[in-house]
Amino acid sequence: MTPAVLAALHARCFTTPRPWSAAEFEALLATPGTFLCGDAQAVALGRVAAGEAELLTIAVAPECQRTGLGRARLAAFEAEARARAAEEAFLEVATDNAAACALYRAAGFELAGCRPRYYTAPDGRYIDALVMRKALSSQG
């Protein structure tokens with residue numbers, strides 16, 4: 001998938017955090033350890049370094065939401081992270097993104113911390129980010 005296709009999907013899915021540009025996707029994809037799971041309907045972008053995986057973003061086209069694609073992309077991210085020897089995964093999510101928070105909790109992610117005023121909404125409000133963590137190793 002091209003950076004332009006990724007940026008177009010991201011723009012359809014996000015206002016907060018702001019959508020990423022094609023140039024930002026291109027730079028991320030060029031970074032060692034970064035990987036992509038998905039297609040033009042739903043993607044998970046992650047990276048692995050030093051035994052830790054980070055879910056950089058997950059995006060599901062609005063017409064495909066609530067169909068299980070987000071759950072499937074999250075599972076694919078976890079599987080690829082394990083294949084790359086990650087022992088734990090981290091992510092950040094806006095506190096007002098109830099659907100994403102529910103998805104991550106259902107997948108076994110637990111609260112690890114909070115980043116106050118991390119995101120800026122289009123109306124100028126600040127939104128906290130939850131930092132969530134999940135053990136990926138079989139030892140847990």
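When the ring pair (Phe, Tyr, Trp, His ring centres under 6.0 Å) test is applied to F14, the partners found at least two apart in sequence or on another chain are H10. For D128, there are no salt bridge (charged side-chain N to carboxylate O under 4.0 Å, His left out) partners, not counting sequence neighbours.
Between E92 and R115 there is a salt bridge, since a side-chain N of the basic residue sits under 4.0 Å from a carboxylate O of the acidic one. Under 4.0 Å is where a charged nitrogen must lie from a carboxylate oxygen, and between R12 and E63 at least one such pair does. Residues E87 and R82 are not paired through a salt bridge, judged by the lack of any N-O separation under 4.0 Å between the basic side chain and the carboxylate. Using a 4.0 Å cut-off between charged nitrogen and carboxylate oxygen, K134 and E110 do not count as a salt-bridge pair. Under 4.0 Å is where a charged nitrogen must lie from a carboxylate oxygen, and between R47 and E54 at least one such pair does.
A donor-acceptor contact shorter than 3.5 Å links the side chain of E24 to the backbone of S21.
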Enumerate, atom names and distances included, each donor-acceptor pair closer than 3.5 Å involving a side-chain atom of residues 30-37, sequence neighbours excluded.
unit_1	atom_1	unit_2	atom_2	d
T31	OG1	A27	O	3.0
T31	OG1	L28	O	3.3
T34	OG1	L28	O	3.1
T34	OG1	T31	O	3.1

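Of all non-hydrogen atoms in L136 and A86, the two that sit nearest each other are CB-O, 3.8 Å. Contact record, L69 with C64: CD1-CB, 3.7 Å, taken as the closest heavy-atom pair. Minimum heavy-atom separation, G46 to F77: CA-CE1, 3.9 Å. A pairwise comparison of heavy atoms in G70 and I58 identifies O-CD1, 3.5 Å as the closest pair. Nearest heavy-atom pair, A121 versus I127, reported as atom, atom and distance to 0.1 Å: CB-CD1, 3.9 Å. Residues A11 and P19 approach most closely at CA-CB, 3.6 Å, considering heavy atoms.
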Going through the distances and angles, do L111 and V131 end up as a side chain to side chain contact (heavy atoms under 4.5 Å, CB included)? CA-CA 6 Å; L111 183 63; V131 178; 6.0 Å; no
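L56 and L9 end up in the same hydrophobic cluster when Ile, Leu, Val, Met, Phe, Trp and Tyr side chains are linked at under 4.5 Å.
Atom CZ of R84 sits in a crowded spot, with more than 12 heavy atoms from other residues, nucleotides or ligands closer than 6.0 Å.
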